[in-house]
2 protein chains.
Amino acid sequence: MDTTLLKGLAVLEVLAARETPAGVSEIAGLLGIGKSNTHRLLQTLVAAGYVRRDADRRYACSLRLWEKGWDVARRYDVARVARAPMVALAQDTAETVNLSVLDGDEVVYLDKIDSPLPVRADTRIAGRAPAYCTATGKALLAHVEDPAALLARVTWERFTARTPRDAATVLSELSEVRRRGYALSRGEWRDGVAGVAAPILGAGGRSLAAVGVGGPAERMPPARLRRLAPMVVAAAAAITRAAGMGGPTLARSAP
Amino acid sequence: MDTTLLKGLAVLEVLAARETPAGVSEIAGLLGIGKSNTHRLLQTLVAAGYVRRDADRRYACSLRLWEKGWDVARRYDVARVARAPMVALAQDTAETVNLSVLDGDEVVYLDKIDSPLPVRADTRIAGRAPAYCTATGKALLAHVEDPAALLARVTWERFTARTPRDAATVLSELSEVRRRGYALSRGEWRDGVAGVAAPILGAGGRSLAAVGVGGPAERMPPARLRRLAPMVVAAAAAITRAAGMGGPTLARSAP
DNA sequence: GAATAATGTTCTGAATAGTGGAACAACTGC
DNA sequence: GCAGTTGTTCCACTATTCAGAACATTATTC
């Protein structure tokens with residue numbers, strides 16, 4: 001494996017994660033690699049435009065990473081058309097609304113609208129979570145080509161007492177999800193957080209994305225989740241319509 | 001220089017730019033490097049999580065690039081607080097509004113609101129333009145630490161007949177910008193596109209970002225630009241206030 | 001359905017390119 | 001001015017990457 005490339009990406013990630021610029025020695029120490037090595041990697045990244053150095057000769061990420069990342073996200077065009085239905089859903093429910101897509105066996109949050117209430121479910125845009133124990137994740141998994149194949153590659157972790165522990169459990173839940181049209185999660189990923197989610201289906205019945213509503217478990221007893229479900233399903237349907245889904249894949253033209 | 005790292009990034013960029021997944025040979029041909037080389041670079045990128053392969057064993061960018069990029073953009077937090085004043089400005093002017101930050105000697109568009117009119121200035125979010133010949137760019141340049149030093153590193157290109165050709169011209173215009181509080185551009189970057197922009201200043205009087213209004217030159221005679229200027233300046237001031245600027249740098253905490 | 005083309009993958013030896021360590025330079029704080 | 005940082009350069013070694021060809025697998029054509 002190209003270790004140079006891996007190290008270079010590691011340097012980039014360290015810088016991306018940092019709030020403040022970093023020096024050569026600091027990065028070298030963080031990654032456990034030599035100073036001279038780190039120095040040259042940084043110079044290469046500067047030459048490539050991903051990193052720049054400030055006046056104090058310290059290094060920080062340029063916006064190039066974001067620029068390239070945006071090119072990728074642009075194709076996951078659902079986010080744009082989903083915005084309006086999401087706002088409506090947020091107003092109707094007063095809970096946090098989020099939009100996710102599947103990336104491997106994880107969900108990535110493309111967009112969210114925070115609940116106005118002081119106590120709320122906190123998700124981060126561009127954040128990640130395992131698909132098999134979140135509401136949006138399960139909504140997505142239920143409509144992929146081969147859920148079993150995907151789940152076979154999962155490493156099962158116990159995040160809470162309620163986290164599902166094997167593929168069989170999740171698979172049976174997924175058929176339930178397909179039957180009723182929405183997915184639930186009650187404290188399976190983060191303790192005390194519950195949610196409902198519905199898939200946004202494209203041509204061929206494959207899931208492109210999922211919308212979900214989430215909040216503190218105390219505000220989300222089973223009865224409320226059942227009441228929220230149709231609203232989430234309706235929002236997902238609205239997004240599907242607005243997107244004019246019909247393309248063969250998730251990839252759609254630029255805005 | 002670490003060529004492996006550069007090649008790896010080049011592969012990543014090719015994939016990020018493509019609408020559809022690509023195969024090994026195709027990428028190899030595009031970059032002019034060997035097949036086996038490309039193959040291993042791709043495997044490394046897959047291992048690092050930046051690329052994944054679809055069912056047809058073709059390669060595409062995962063959302064990891066976007067995720068990391070977002071971590072960077074998150075710190076350029078102006079975008080979030082700027083949204084509301086930008087919407088107001090867009091409604092008042094009916095032209096395209098955009099928000100830019102400086103990245104080296106280029107501007108990067110963080111956000112934009114399209115004009116409702118059929119003929120409009122077209123900028124792309126996460127797009128780039130040279131700073132010295134755009135309105136937002138000049139607004140930003142006027143308030144950096146050392147404009148002359150920055151301009152010294154510029155390679156002067158003639159994009160249109162009106163593109164400034166040397167540092168002296170731009171520097172004198174920048175002092176004008178500082179004096180009156182806003183910057184103008186009339187077809188210096190793209191023919192037939194004109195705009196006004198105002199800087200968003202942080203603690204210490206340094207520019208953090210700039211808001212601009214742009215449109216087709218026919219709709220933007222000097223008189224209209226002068227009338228738009230105070231509105232743009234007001235929007236910039238509103239954003240400055242909303243952001244509660246006071247930190248020492250652009251870096252602000254996460255949303 | 002066989003033959004052919006095209007693409008993805010693995011292998012190998014050769015050598016280049018990257019590595020770590022130390023030496024040097026430029027600051028910073030005492 | 002001196003110790004203690006941190007950034008940068010140099011150099012010899014060897015591990016890593018590279019190209020090309022061989023092999024495997026899939027697509028295409030007849």
Side-chain angles (χ1 to χ4, degrees), chain A residues 1-62 104 145-146 149 153 204 248-249 251, chain B residues 1-62 104 145-146 149 153 248-249:
Chain A
M1 261 237 204
D2 298 64
T3 55
T4 311
L5 178 51
L6 288 174
K7 283 183 192 172
L9 291 172
V11 170
L12 205 53
E13 289 184 17
V14 164
L15 287 177
R18 286 188 55 101
E19 292 290 324
T20 55
V24 176
S25 310
E26 192 173 359
I27 300 170
L30 238 52
L31 294 172
I33 57 180
K35 260 202 310 182
S36 64
N37 193 351
T38 311
H39 182 252
R40 211 184 49 264
L41 286 169
L42 282 166
Q43 292 221 320
T44 310
L45 288 171
V46 169
Y50 285 89
V51 170
R52 59 177 21 107
R53 47 190 330 186
D54 60 7
D56 317 352
R57 62 164 72 105
R58 286 201 316 217
Y59 298 88
C61 271
S62 77
E145 180 110 20
D146 189 352
R153 277 181 279 138
T249 74
Chain B
M1 247 242 207
D2 298 62
T3 55
T4 310
L5 177 50
L6 287 173
K7 285 184 192 173
L9 292 171
V11 170
L12 206 52
E13 288 183 19
V14 165
L15 288 177
R18 288 187 54 102
E19 293 288 325
T20 55
V24 176
S25 311
E26 193 172 357
I27 300 169
L30 239 50
L31 294 172
I33 56 179
K35 260 203 312 183
S36 64
N37 192 353
T38 311
H39 182 251
R40 210 184 48 263
L41 287 169
L42 282 167
Q43 292 222 322
T44 309
L45 288 171
V46 169
Y50 285 89
V51 170
R52 59 177 22 105
R53 46 191 330 188
D54 60 8
D56 315 353
R57 62 165 72 105
R58 286 201 315 216
Y59 298 89
C61 272
S62 76
E145 181 110 21
D146 188 352
R153 277 180 279 137
T249 74

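Numbered from 1 within each chain, the chains take letters A, B, ... in sequence-line order.
- Look at CG on B/Leu31: it is 12 Å from P on D/dA19, rounded to the nearest Å.
- Between A/Ala22 and A/Leu5, the residue anchored closer to the 5' end of DNA chain D is A/Ala22, taking for each the nucleotide with the nearest heavy atom.
- A donor-acceptor pair under 3.5 Å is formed between the side chain of B/Asp146 and the backbone N or O of B/Ala149.
- The CZ-C1' distance, from A/Arg40 to D/dG7, rounds to 15 Å in whole Å.
- A side chain to side chain contact (heavy atoms under 4.5 Å, CB included) with A/Leu41 is found for exactly one of A/Leu9, A/Ile33, A/Val51, namely A/Ile33.
- Inter-residue side-chain proximity for A/Asp2 and B/Arg40 is flagged as met; some heavy-atom pair is nearer than 4.5 Å.
- Counting to the nearest Å, the P atom of D/dT5 and the CD1 atom of A/Ile27 are 19 Å from each other.
- In this structure, B/Tyr59 and B/Thr3 both approach DNA chain C, and ranking their closest nucleotides by distance from the 5' end singles out B/Tyr59.
- Extent of DNA chain C lying under 4.0 Å from chain B heavy atoms, first and last nucleotide in 5' to 3' order, is C/dT7 to C/dT19.
- Using a distance-only test at 3.5 Å, with no hydrogens or angles considered, no donor-acceptor pair links the side chain of B/Thr4 to the main chain of A/Thr4.
- Here the C1' atom of nucleotide D/dT17 and the CG atom of B/Asp2 are 12 Å apart, to the nearest Å.
- Under a 4.0 Å N-O distance rule, the pair B/Glu26/B/Arg18 qualifies as a salt bridge.
- For the pair A/Gly34 and A/Ala28, the tightest heavy-atom approach, listed with the atom from each and the gap, is O-CB, 3.9 Å.
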For nucleotides 20-25 of chain D, list the nitrogen or oxygen atoms of the protein found under 3.5 Å from its nitrogen or oxygen atoms, one pair per line.
{"from": "D/dG20", "atom 1": "O6", "to": "B/Ser36", "atom 2": "OG", "distance (Å)": "3.2"}

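- Side-chain contact between B/Val46 and B/Arg52 is absent, with no heavy-atom pair separated by less than 4.5 Å.
- Residue A/Leu15 comes nearest to A/Tyr59 through the heavy atom pair CD2-O, 3.5 Å, listed as atom of the first residue, atom of the second, then distance.
- Atom NE2 in A/His39 sits roughly 11 Å away from atom P in D/dC10 (whole-Å rounding).
- Among the protein residues, A/Arg58 comes within range of no part of the nucleic acid, since none of its heavy atoms lies under 4.0 Å from any strand.
- Without hydrogens or angle criteria, A/Thr38 side chain to A/Val24 main chain gives no donor-acceptor distance under 3.5 Å.
- Nucleotide D/dA19 holds its P atom 5 Å from the CG atom of B/Asn37, rounded to whole Å.
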